[in-house]
Amino acid sequence: MSELLDKVTESVNYLRGNGAFDVEIGMILGSGLGRVAEVVNTKAEIPYSKIPHFPVSTVEGHEGKLVFGELSGKKVAIMKGRFHYYEGYPLSEVVYPLRVLYKLGMKILIVTNAAGGTNPYFEAGDIMLILDHINLLPDNPLRGRNEEEFGPRFPSMAKAYDPDLINLARRCAEESGIHIKEGVYVALQGPSLETPAEYNFVRLIGGDAVGMSTVPEVIAAVHMGVRVVGFSIITNALRKSQTEGATHEEVVEIANVAGARLSSLILKIIEKL
Ligand code: HPA
């Protein structure tokens, strides 16, 4: 057995021994999305710090725990809090929890994040359905020996964001009267926010939003054949980011407000899955 598989098996055994069960859907909740976890019929809540081999979250405002429960009759696992490259972890560690969820049966991953808008038509508080991404992190979670039991050496990223789930998200948004934007998410390493020239650069290469997460998790999920749907909350609009600059406080505040809307949308999607 590979070293990774050994570790994942230990994590899975610990979780199963502490009330976790097999799940169909995994979710990563970024800032402001706490409401989704609130409506879950929770069966087990396990702090990351207790799970063997899990990295430990270091960001203020990001809780670190794994919640197992049921939503609309579906078994779900929610990552409350995630790991970022800027915290110092290699991306293979950032995606470790997803390896564990995969071994617990995850077939669908719903990812969310807070991001800066680089599309000039985006406003603070907008929700963007992620259609594609560009990885500008100086690492890839699949770097190093490939673990065949998780997926192939060279996985295709042509449909990283599942076309059927994208259409479902569009339908659910329309039915709920929730207006959503769509676009390409670009991941930069942070933790410094972008300079005006860097925001321009992201726009020029085809990015509609920029952030410091999500791309590693999506790459690992696609590697494992997990279907992905993702959303960004646009917490700062381009012009303001480039003049006054975004602040972390503002990002958290807007994420909380728009997060309530995105939570309803996600609940609707899960209902229809
Ligand atoms: N840049 C990078 N990450 C972010 C931003 C931003 O402007 N806003 C929220 N997360």
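Both ligands and their constituent atoms are indexed starting at 1 by order of listing. Source: prediction; values computed, not measured.
- Counting only non-hydrogen atoms, the option in V186, I234, V210 that gets closest to atom 4 (C) of ligand 1 is V210.
- Atom numbering of ligand 1 starts at 1 in the shown order; those under 4.0 Å from a heavy atom of G211 are 2 (C), 3 (N).
- Close N/O approach between G116 and ligand 1 is found [any backbone or side-chain N/O within under 3.5 Å].
- Stacking of K103 on the aromatic ring of F150 is recorded, both the 6.0 Å distance cut-off and the 45° axial limit being met.
- A salt bridge is defined here as a Lys NZ or Arg NE, NH1 or NH2 lying under 4.0 Å from an Asp or Glu carboxylate O, and K181 with E123 fails to meet this definition.
- The side-chain contact (heavy atoms from CB on, under 4.5 Å) test with M27 singles out one residue from L109, I78, L101, and that residue is I78.
- Between E45 and K65 there is a salt bridge, since at least one side-chain N of the basic residue sits less than 4.0 Å from a carboxylate O of the acidic one.
- Ligand-side atoms of ligand 1 in range of A114: 9 (C), 10 (N), range being under 4.0 angstrom from any heavy atom.
- Within the 4.0 Å heavy-atom cutoff, A115 counts among the residues contacting ligand 1.
- For ligand 1, the atoms sitting less than 4.0 Å from at least one non-hydrogen atom of T235 are 8 (N), 9 (C), numbered in the order shown with element in parentheses.
- The 12-atom threshold is not exceeded at NZ of K7, counting heavy atoms of other residues, nucleotides or ligands nearer than 6.0 Å.
- The N/O atoms of S241, backbone and side chain alike, include none that comes under 3.5 Å of an N/O atom in ligand 1.
- Protein heavy atom at the shortest distance from atom 8 (N) of ligand 1 is N236 OD1, 2.8 Å.
- Under the 4.0 Å criterion applied to side-chain N and carboxylate O atoms, E3 and R145 are not assigned as salt-bridge partners.
- Proximity to Y199 (heavy-atom distance under 4.0 Å) selects the following atoms of ligand 1: 1 (N), 6 (C), 7 (O).
- For Y89 and Y96, the distance between ring centers is not under 6.0 angstrom.
- Remark: the H53 side chain and the Y14 side chain contain no N/O donor-acceptor pair separated by less than 3.5 Å.
- Atoms of ligand 1 found under 4.0 Å from any heavy atom of E194, numbered from 1 in the order shown, are 1 (N), 2 (C), 6 (C), 7 (O).
- Contact annotation: for N113 versus ligand 1, there are no heavy atoms closer than 4.0 Å.
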